[in-house]
Amino acid sequence: MAPITDEHVETVRGLVAAIPAGKVATYGDIADAAGLSSPRIVAWIMRTDSSDLPWHRVIRASGRPAPHLASAQLERLRAEGVLATDGRVPLSGCRHRF
DNA sequence: GAAATGACGGCGC
DNA sequence: GGCGCCGCCATTT
């Protein structure tokens, strides 16, 4: 395999931390920006690496957060100014461009 | 070493 | 536009 080095994780964390309040990013965008081969890797990192970073700003390409965290993330995002309509975030206007 | 798993994405229906 | 299947990549059992 091509083991994910700490550097990769650091890069991903940096990108997530670089997302300004009121903006969101998709797993695919982060994976691409971090130089990872697949968005799955980002998901794996987030799952394993529980940091204080604003993971709630990272959502799926569908514009909807992960099912188990959807409510919590949506609530936090709403508090940051991201108005999610019908449990969905308008990527068209809130998507952070790296 | 093989099979299952997961905070995903894209394409087809 | 919503739902489902398949493909991806690394980790874990």
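Values in this document were obtained by computation on a predicted structure and should not be read as measured data.
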Novice: Atom CE of A:M46 and atom NE2 of A:H56: how far apart are they, to the nearest 0.5 Å?
Specialist: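 Taking CE in A:M46 and NE2 in A:H56, the distance rounds to 10.5 Å.
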
Novice: Nucleotides 11-13 of chain C: which of its N/O atoms have a protein N/O under 3.5 Å away?
Specialist:
residue : atom : partner : partner atom : Å
C:dT11  : O4'  : A:W44   : NE1          : 3.3

Novice: How many Å lie between CZ on A:R64 and P on B:dG9, as a whole number?
Specialist: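 It works out to 13 Å between those atoms.
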
Novice: I need the residues from residues 15-43 of chain A with at least one non-hydrogen atom less than 4.0 Å from DNA chain C; give them sorted by number, or say none.
Specialist: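 Those residues are A:S37, A:S38, A:R40, A:I41.
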
Novice: Tell me the interatomic distance from A:R60, atom CZ, to C:dC8, atom P, rounded to whole angstroms.
Specialist: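 So the CZ-P distance, A:R60 to C:dC8, works out to 18 Å.
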
Novice: Please check if atom CD in A:E75 has more than 12 non-hydrogen atoms from other residues, nucleotides or ligands closer than 6.0 Å.
Specialist: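 No, because the 6.0 Å sphere around CD of A:E75 holds 12 heavy atoms or fewer from other groups.
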
Novice: Determine whether A:L74 and A:V89 make a side-chain contact, defined as any pair of heavy atoms from C-beta on separated by less than 4.5 Å.
Specialist: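 Yes, at least one pair of side-chain atoms sits under 4.5 Å.
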
Novice: If we call it a pair only when both distances are under 3.5 Å in a Watson-Crick or G-U wobble match, what pairs with C:dG1?
Specialist: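 Paired with no nucleotide.
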
Novice: Please check if any side-chain donor atom of A:T11 sits under 3.5 Å from a side-chain acceptor atom of A:H8, or the reverse.
Specialist: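 Note: A:T11 and A:H8 side chains miss the donor-acceptor criterion.
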
Novice: Are A:L53 and A:W44 connected into the same hydrophobic cluster when the rule is that any two of I, L, V, M, F, W, Y join if their side-chain heavy atoms are below 4.5 Å apart?
Specialist: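 In one cluster with A:W44: A:L53, yes.
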
Novice: Counting only non-hydrogen atoms, which of residues 66-98 of chain A are less than 4.0 Å from DNA chain C?
Specialist: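 Nucleic-acid contacts, sorted: A:R88.
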
Novice: Between A:L15 and A:D29, is there a side-chain heavy-atom distance shorter than 4.5 Å?
Specialist: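 No, every pair of side-chain atoms sits at 4.5 Å or beyond.
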
Novice: A:I45 versus A:L36: any side-chain heavy-atom pair under 4.5 Å?
Specialist: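 When only atoms from C-beta onward are counted, A:L36 and A:I45 do touch, with a gap below 4.5 Å.
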
Novice: A:R60 and A:P67: which non-hydrogen atoms are nearest, and at how many Å?
Specialist: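 Nearest heavy atoms, A:R60 then A:P67: NH1-CD, 4.3 Å.
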
Novice: Check whether A:S38 reaches the backbone of A:R40 with its side chain - one donor and one acceptor, N or O, closer than 3.5 Å.
Specialist: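 Present.
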
Novice: Are any of the side-chain heavy atoms of A:R57 and A:L77 separated by less than 4.5 Å?
Specialist: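 A:R57 reaches A:L77 side chain to side chain.
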
